[in-house]
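Single-structure report; data block below.
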Amino acid sequence: MRCTPYPTTLTRRPAGAMLLTGLLGALLLAGCAGGPGMAAYRQGDYAGAIQDFRAEGDPAGDFAVGVMHYKGEGVARDAGEAAGWFRRAAENGHAGARYNLGLLYLNGEGVGKDRREAARWFRLAAEQGYVKAQLNLGLMYGQGDGVDKDRREAVRWFRLAADQGSIKARIYLGGMYARGEGVEKDRREAVRWFRLAAEQGAAEAQVYLGVMYARGDGVEKDRAEAAVWLRKAADQGSQRARQFLERLTGSSTAAL
């Protein structure tokens, strides 16, 4: 699903459209039914799998049928049919189905586009601890998209996702502490969240952390440590990291 980026830089810039995570049904093998249906699916017998999933008659099976309709596995691809199965599973408490139904409403696939309805389903999944739903709900509150804009509420949902290890949530949360959005500005707390994401290998967070070390912003100034993090990001292909690293190592007076 096509998405455009939500700003996460350390400096304030005009808010753009948000990045909402997730491809529908990308991971059928996680979070759906087991038993004969899953055995057939693993063997590539999609027609048999969908028949078995339908027969199971529980939320996990309904979710699996929805995924297969969305992906066109064993049946013709049909987002509307997928929405029906997701709704059936969602109404019976399946968190993954609630999240996917939210994505369908967000993008207007198989249902009319409705950002408020998307937020409603994300909230239900988020309240069950579904990380991607927590992240998306935080983004929606941050932008006022489908809900009233509320940066404090955005921080709350980002924190819940971040506490479960979401790299994106940790970066967004670090950015909000850095800018003082929804929380008191706290550059040290920003560093803490960027570090957690950086240690998970996120190049974006590694750049932020490197720059903060280079500037002594929220942390003791340490050009060697800055270089370590910028080099990690540069090794992943970050052009920004390369540019900052050149300034850091090329001239002691170059401004970062």
Side-chain angles (χ1 to χ4, degrees), residues 1-6 16-141 143 145-147 157 161 166 168:
M1 294 181 178
R2 294 176 62 89
C3 305
T4 50
Y6 176 92
M18 76 187 104
L19 171 63
L20 293 175
T21 63
L23 287 176
L24 270 160
L27 296 173
L28 175 59
L29 300 184
C32 68
M38 184 54 67
Y41 186 88
R42 290 180 185 277
Q43 293 168 10
D45 178 10
Y46 294 150
I50 203 166
Q51 182 176 349
D52 289 336
F53 286 141
R54 284 176 182 264
E56 289 175 11
D58 60 16
D62 293 341
F63 170 70
V65 174
V67 171
M68 296 184 75
H69 274 289
Y70 184 81
K71 296 172 73 176
E73 294 177 330
V75 289
R77 189 181 184 283
D78 187 333
E81 188 71 15
W85 286 98
F86 288 147
R87 186 181 305 279
R88 181 169 166 173
E91 289 174 347
N92 284 289
H94 193 283
R98 289 173 168 179
Y99 172 71
N100 275 6
L101 190 56
L103 287 175
L104 287 178
Y105 274 108
L106 185 73
N107 291 280
E109 287 192 82
V111 293
K113 184 178 287 190
D114 187 331
R115 312 289 277 198
R116 290 196 176 277
E117 190 68 2
R120 184 173 80 84
W121 287 109
F122 286 149
R123 182 186 303 281
L124 288 171
E127 288 171 347
Q128 291 176 265
Y130 202 86
V131 175
K132 288 183 179 180
Q134 292 171 339
L135 175 61
N136 280 3
L137 195 57
L139 289 164
M140 296 184 88
Y141 272 110
Q143 291 284 12
D145 187 3
V147 293
W157 290 109
S166 168
K168 289 182 183 294

For this session: List the steps and the verdict of side chain to side chain contact (heavy atoms under 4.5 Å, CB included) for Phe63 and Trp85.
Result: CA-CA 6 Å; Phe63 170 70; Trp85 286 98; over 6 Å; no
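For the pair Val111 and Ala83, the tightest heavy-atom approach, listed with the atom from each and the gap, is CG1-CB, 3.8 Å. The two atoms that bring Ala89 and Pro59 nearest to each other are CB-O, 3.3 Å, heavy atoms only. Considering all non-hydrogen atoms of both residues, Ala125 and Ala95 come closest at CB-O, 3.5 Å. The heavy-atom pair separating Gly37 from Glu56 by the smallest distance is N-OE2, 3.7 Å. In this structure, Val147 and Arg123 approach most closely via the heavy-atom pair CG1-NH2, 4.5 Å. Between Val75 and Met68, the shortest heavy-atom distance links the atoms CG2-O, 3.8 Å.
The residue from Phe122, Tyr99, Trp157 that alone fulfils the ring-ring contact (aromatic ring centres under 6.0 Å, His included) condition with Tyr130 is Tyr99.
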Table please: side-chain donor-acceptor pairs of residues 45-53 below 3.5 Å, with sequence neighbours left out.
| residue | atom | partner | partner atom | Å |
| --- | --- | --- | --- | --- |
| Asp45 | OD1 | Gly48 | N | 3.0 |

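At distances below 3.5 Å, not a single donor-acceptor pair connects side-chain atoms of Glu117 with backbone N or O atoms of Gly112. Looking at Glu109, its side chain never comes within 3.5 Å of a backbone N or O of Leu104 through a donor-acceptor pair. Between the side chain of Arg116 and the main chain of Gly146, a donor-acceptor pair closer than 3.5 Å is present. In this structure, Arg98 contributes its side chain and Trp121 its backbone to no donor-acceptor pair below 3.5 Å.
Counting heavy atoms from C-beta on, the side chains of Leu103 and Lys132 never come closer than 4.5 Å. Counting only heavy atoms from C-beta outward, the side chains of Glu73 and Tyr41 approach each other to under 4.5 Å. For the pair Tyr105 and Arg115, the minimum side-chain heavy-atom distance is 4.5 Å or more.
The salt bridge (Lys or Arg N to Asp or Glu O under 4.0 Å) test applied to Arg88 returns Asp62, not counting sequence neighbours.
Here NE2 of His69 is found 12.0 Å from CZ of Arg77. Values are rounded to the nearest 0.5 Å.
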